[in-house]
Amino acid sequence: MMGSLRSTTAMFLKDFRSELRTRYALTALMLFVITTLSIILFSIGNESVSPEILSGVLWIIVFFSAMSGLSRTFVSEEERGTVLTLQLLAKPLTVFFGKLLFNFALLASLNTVAGTLYIILINDFVVKNYAIFLLTMLLGTLGLSAASTIIAAVVSKANTKGTLYPVMAFPILLPLLLTVISATRLAVEGAPFSEAAGEFRVLFSYFVVIVAVSYLVFEFIWKD
Amino acid sequence: MMGSLRSTTAMFLKDFRSELRTRYALTALMLFVITTLSIILFSIGNESVSPEILSGVLWIIVFFSAMSGLSRTFVSEEERGTVLTLQLLAKPLTVFFGKLLFNFALLASLNTVAGTLYIILINDFVVKNYAIFLLTMLLGTLGLSAASTIIAAVVSKANTKGTLYPVMAFPILLPLLLTVISATRLAVEGAPFSEAAGEFRVLFSYFVVIVAVSYLVFEFIWKD
Amino acid sequence: MPTAILHASNLAKVFNRRSIFSNINFVIPHGRSFAITGRNGSGKSTLVKILAGVISPNDGNFTITLDGTEVKRDDIYRHVGLVAPYLQLYEEFSAWENLDLFRKLRGVDVPDVSLDGLLEKVGLYKRKHDLVRTYSSGMKQRLKYAFALLHEPEVLLLDEPTSNLDAEGMSMVSEVIAVHRTKGIVIVATNVREEVQRCDASLDLDADPARQGVRS
Amino acid sequence: MPTAILHASNLAKVFNRRSIFSNINFVIPHGRSFAITGRNGSGKSTLVKILAGVISPNDGNFTITLDGTEVKRDDIYRHVGLVAPYLQLYEEFSAWENLDLFRKLRGVDVPDVSLDGLLEKVGLYKRKHDLVRTYSSGMKQRLKYAFALLHEPEVLLLDEPTSNLDAEGMSMVSEVIAVHRTKGIVIVATNVREEVQRCDASLDLDADPARQGVRS
Amino acid sequence: MLRFLLGIWLTAVIIVSFAFPIVANPRQWFEFPVIPGLDQKARILFFHVPMSWTAVLAFAVSMVFAIRYLATKNQDNDIRSVSSAGLGFMFCLLATVTGSIWAKFNWGSFWNWDPRETSIFVLLLIYGAYFALRSALDDEQKRATLAAVYAIIAGVTVPFFIFIMPRIMASLHPEPIVNTEGKIHMNGTMLTVFLSSLAGFTALYVWMLNLRIRLARIEFQRQTRG
Ligand code: HEM
Ligand SMILES: Nc1ncnc2c1ncn2[C@@H]1O[C@H](COP(=O)(O)OP(=O)(O)OP(=O)(O)O)[C@@H](O)[C@H]1O
Ligand SMILES: Nc1ncnc2c1ncn2[C@@H]1O[C@H](COP(=O)(O)OP(=O)(O)OP(=O)(O)O)[C@@H](O)[C@H]1O
Ligand SMILES: [Mg+2]
Ligand SMILES: [Mg+2]
């Protein structure tokens with residue numbers, strides 16, 4: 001389905017390496033999270049903020065991490081003219097799932113660190129129901145990476161295809177973000193797991209839908 | 001000083017036009033602002049938030065958007081290998097000030113959008129002293145674009161661009177951010193203009209200092 | 001290695017309303033080399049890209065048949081190797097890392113020794129661990145041959161094969177062509193007369209009625 | 001036009017501790033063409049880049065003097081024109097937009113008519129409003145000549161001048177060289193024997209004791 | 001030989017700084033006076049402050065050689081610069097740790113964005129970014145140049161903190177020993193110990209710096225040959 005798994009991982013590893021050439025680069029990622037967090041910490045200062053807002057802010061951070069990976073994904077292939085090379089090397093879907101995997105890995109690792117530090121450092125942010133919180137994080141990361149991958153693909157072609165696709169990115173992302181935020185709230189308010197079931201269903205189906213759609217349209221975006 | 005003004009504007013217009021064609025940076029910026037704003041709105045819901053926090057949040061949004069868009073100017077030159085071309089066409093400073101101008105324009109438009117939407121959409125955020133607010137916006141944009149331009153020049157030469165950029169920019173931008181935030185607070189609290197004078201002095205000198213330093217070091221970054 | 005045959009029947013390409021070429025017909029049997037010539041902008045590279053399956057013709061069609069079975073369009077990339085000026089390799093990786101990536105992406109099992117052999121053949125063995133970013137234009141061109149030959153394709157597409165190469169590089173190219181001719185099909189798009197003459201057959205796009213050189 | 005002289009005295013370049021070449025010495029008087037040869041990776045382009053003032057030698061120095069006055073290092077870019085494979089123009093702009101940008105960036109007052117003349121000369125006039133992205137490799141190479149000649153530099157640096165060009169393009173190049181030779185200095189870095197022989201003097205980097213071809 | 005003296009010296013300082021009693025109004029030569037606000041905790045002053053000062057010193061040195069590098073393009077200057085920066089980072093961490101332990105007992109929490117804490121935190125961020133940048137550059141000339149440039153850019157923004165921090169938040173952090181009124185909370189003994197510790201740490205820094213530089217140079221030569 002996604003080309004052979006082996007080549008997909010190869011695709012993934014390629015992006016992974018070009019982003020993290022040296023072993024020190026991991027510290028760069030850590031710093032990235034710390035940086036983003038400390039911005040929040042600074043502006044909060046010593047006053048107390050409602051958990052609602054805090055759960056919103058958490059997802060702003062996550063979204064930001066997603067964006068910073070986004071530019072790397074397809075635009076740089078486009079600008080360096082390596083698209084042709086990839087077309088000659090692998091099936092379109094191999095490329096897509098490779099990129100998706102990379103975005104997911106990047107986002108997941110960033111979020112793990114971010115989430116942990118967020119809970120540790122921000123006293124007002126107390127997770128009462130970890131089951132909900134973790135599942136939300138997972139599904140949110142999945143959905144966000146899927147969405148940002150296909151968006152990145154579209155953006156990278158925006159100039160050649162001369163369209164306004166990018167604007168579509170926003171309506172695509174919004175439902176996801178709003179759902180994860182409300183799910184996070186539930187986690188903070190310590191609601192029973194069942195209560196978040198609705199959100200989870202939304203998140204999961206969102207991920208499935210996005211991947212399915214990407215699966216169908218990517219070839220058209222990729223080949224000109 | 002900055003090469004002839006004519007060539008600087010030419011440099012600026014070139015980036016401007018190619019941005020109009022590709023819309024990479026603009027997309028990233030706007031997408032980010034709009035999404036973040038709506039996240040904030042959603043998570044605030046109908047509870048009221050202190051203006052202190054709101055003014056912090058405003059600048060978080062601005063900072064993040066800047067980080068997801070402003071590195072493009074140099075990164076894309078690097079990735080397409082047009083650096084040599086520019087080196088053969090103009091003095092380093094022409095390039096720098098052209099890019100600076102472009103980033104300023106980009107950030108200014110971004111801030112206008114962000115600021116306006118912010119005031120319109122968030123009820124608790126009421127600017128009582130527009131003189132302070134606007135001047136803060138202006139000086140903040142100046143300083144922010146200056147710092148992020150020179151950092152972008154450095155980052156464009158590195159391997160891990162996506163995550164490194166905010167990491168490198170944040171500590172340098174922090175004094176600016178803290179100052180604009182406190183200035184914005186004053187604007188919201190409706191303090192007399194004189195009270196913000198200190199902040200303005202800081203912001204202005206920050207801009208001057210950064211530009212001066214860039215002026216001195218840019219050649220080292222640009223020529224290898 | 002299977003016997004390959006390439007059929008092209010009235011291929012035509014139009015780029016935003018400018019017809020580049022039309023009703024291009026040819027058949028290249030196994031074991032032949034085929035030259036495509038024509039002035040700058042006549043459509044050589046476009047034709048090459050079509051044959052490589054990365055862009056589709058506006059009219060006509062072409063087929064690569066291996067031992068009588070036709071290759072599906074989506075699988076063409078497995079059976080062609082391309083060397084071209086507009087081909088870009090990953091500059092932030094070393095030659096070795098590039099080839100390693102390529103074999104994994106293609107899912108072909110090329111042992112390390114033959115990677116080294118390939119690098120030796122194109123004369124980059126000693127430099128295999130340097131980043132491609134630091135390569136000279138000729139070294140990059142040489143690496144493209146490694147890229148094209150790695151998976152032992154039946155059809156070898158060489159667009160301006162000798163550009164950037166020194167004498168020794170050129171002899172390498174003619175050797176590659178000579179050897180590969182026996183294994184399958186070699187298609188050369190070039191402006192250099194000698195290279196055209198060295199091929200078994202040739203197609204001049206300027207002769208095409210709907211030809212589109214730069215001047216016109 | 002002022003009379004130009006180029007002095008190079010024991011130039012040396014080291015990349016990551018690998019010595020590419022050392023003690024390169026030559027003088028090129030006004031009205032001469034000078035060839036730089038050497039196998040792939042011998043350092044031709046590196047030397048060209050040094051002469052263009054975009055990278056600095058690790059040792060030795062070179063000077064361009066116009067009517068006896070030496071050109072400051074920061075101003076060299078005004079007096080040299082470069083054509084090279086590693087030169088990239090702006091693909092999202094048309095040929096015309098590129099040239100328009102270049103004249104403005106350089107701050108030279110080239111009237112529109114002479115831009116058209118230049119485009120006519122390199123054979124791109126008819127296509128001047130198409131995006132460079134859609135150009136063929138040869139057309140891009142032609143546009144680089146417009147880039148190099150726009151500001152009428154005293155020193156013309158041609159790295160692999162005829163790559164990607166067709167017969168007509170090549171004759172254009174030899175004309176450019178012939179004409180420009182009378183106005184200043186032409187330096188050609190190439191592997192093509194004919195082009196070397198056509199020059200008044202030549203430097204073979206392989207002869208350099210510290211030479212570094214690909215193989216070594 | 002020297003390094004043994006250094007070792008002995010520092011151990012002496014450590015022992016003394018813990019052994020000597022702190023009393024309300026010292027009579028014997030071996031007694032420390034009470035510093036208002038920090039009684040027994042004052043002892044950490046002998047380590048915390050020298051560490052922070054050494055860090056500041058190390059960064060200053062690094063900066064100087066960075067500028068020298070840009071002037072001379074001599075790789076050796078980069079070696080010195082980066083070696084000193086590394087040590088500065090280490091001492092900075094130590095100062096932060098000791099400081100925050102101290103803070104825990106003085107102000108009740110390990111960390112509460114006190115201006116001094118904020119400023120040192122930013123210092124850590126800057127040099128974290130500095131090393132991240134270095135690791136992301138392959139070509140050593142470029143690495144040296146850009147690292148130097150970044151250090152300089154960061155350097156010029158630091159003064160702004162000194163200025164704006166007070167405006168934004170009040171500090172709990174004790175007055176500089178040499179403070180505005182020039183009044184010194186220490187008696188002769190304490191000052192002696194403090195200064196010896198300061199000297200000891202500085203010497204330690206110098207010694208370690210030399211070690212690192214020599215090591216880096218050897219590494220450099222090895223790569224040149226290999
Ligand atoms: C995480 C917490 C702390 C950090 C990061 C920190 C950092 C620093 C730094 C960087 C310096 C040297 C720079 C300067 O003196 O201007 C310093 C000096 C000093 N610190 Fe701290 N500090 C911390 C907590 C404390 C606490 C809790 C105390 C005592 C209650 C304290 C007492 C001092 C004193 C007395 C000095 C010497 C001041 C001078 O001589 O200028 N510090 N600290
Ligand atoms: N930025 C760099 N970093 C490290 N090594 C480099 C760099 N640029 C060039 N080199 C090396 O310098 C040598 C000379 O490169 P150069 O491009 O000058 O060769 P050339 O003579 O132009 O070869 P060609 O005929 O292929 O163009 C090559 O070995 C190349 O690997
Ligand atoms: N993506 C594109 N969009 C529009 N026109 C294009 C595109 N690609 C190529 N062309 C046009 O098609 C024509 C043929 O291009 P092609 O690259 O095939 O020429 P070529 O024969 O390879 O020339 P050269 O000898 O210079 O390589 C040129 O006029 C070119 O401008
Ligand atoms: Mg072509
Ligand atoms: Mg070359």
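Small disclaimer: the values here were computed from a predicted structure and weren't measured. When reading the values below, keep in mind they use all heavy atoms of this one structure, side chains included, and skip hydrogens, waters and symmetry mates. Every chain is numbered from 1, with letters handed out A, B, ... down the list of sequences.
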Not counting sequence neighbours, which residues clear salt bridge (charged side-chain N to carboxylate O under 4.0 Å, His left out) with D:Lys72? List them please.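 Salt bridge (charged side-chain N to carboxylate O under 4.0 Å, His left out) check on D:Lys72 returns D:Asp75.
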For D:Asp109, all residues meeting salt bridge (charged side-chain N to carboxylate O under 4.0 Å, His left out), sequence neighbours excluded: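 By the salt bridge (charged side-chain N to carboxylate O under 4.0 Å, His left out) rule, D:Asp109 matches B:Arg6.
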Drop me the distance from D:Tyr90's OH to B:Ser76's OG, to the nearest 0.5 angstrom.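 So the OH of D:Tyr90 and the OG of B:Ser76 are separated by 8.0 Å.
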Can you measure from OG (B:Ser18) to CZ (D:Phe93) and round to the nearest 0.5 angstrom?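 So the OG of B:Ser18 and the CZ of D:Phe93 are separated by 5.0 Å.
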Contact between B:Leu13 and D:Leu101 at the side-chain level, heavy atoms closer than 4.5 Å - yes or no?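 Answer no - side chains too far apart.
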Which atom pair, heavy atoms only, marks the closest approach of D:Tyr77 to B:Leu89?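 Where D:Tyr77 meets B:Leu89 most closely, the heavy atoms are CE1-O, 3.4 Å.
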Taking all non-hydrogen atoms of both residues into account, name the closest pair between D:Gln88 and B:Arg80 and its distance.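 Taking every non-hydrogen atom into account, CG-O, 3.3 Å.
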B:Thr82 side chain to D:Leu89 backbone, donor-acceptor under 3.5 Å: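 A pair under 3.5 Å: no.
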Please determine whether the number of non-hydrogen atoms from other residues, nucleotides or ligands lying under 6.0 Å from atom [atom1] of [X] exceeds 12.
X: B:Phe200; atom1: CZ; result: yes
X: B:Arg201; atom1: CZ; result: no
X: D:Tyr125; atom1: OH; result: no

Engaged part of D:Ile76 at the chain B interface, taking heavy atoms whose separation is under 4.5 Å: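 Neither part.
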Which atoms of D:Leu157 come close to chain B, meaning under 4.5 Å heavy atom to heavy atom: side chain ones, backbone ones, both, or neither?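 Neither part.
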Pull out the residues in residues 145-152 of chain D that come under 4.5 Å of chain B, heavy atom to heavy atom, sorted by number.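 Residues of residues 145-152 of chain D touching chain B at under 4.5 Å: D:Phe147.
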Is there any residue in residues 46-61 of chain D with a non-hydrogen atom under 4.5 Å from a non-hydrogen atom of chain B, and which ones are they?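 Interface residues of residues 46-61 of chain D: D:Ala52, D:Gly53, D:Val54, D:Ile55, D:Ser56.
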Passes salt bridge (Lys or Arg N to Asp or Glu O under 4.0 Å), D:Glu92 versus B:Lys14? Steps please. CA-CA 10 Å; D:Glu92 73 270 35; B:Lys14 171 243 158 196; 5.6 Å; no
Just to verify, which of B:Thr8, B:Leu88, B:Leu86 counts as forming a side-chain contact (heavy atoms from CB on, under 4.5 Å) with D:Leu105?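 Among B:Thr8, B:Leu88, B:Leu86, the one that satisfies the side-chain contact (heavy atoms from CB on, under 4.5 Å) with D:Leu105 is B:Leu86.
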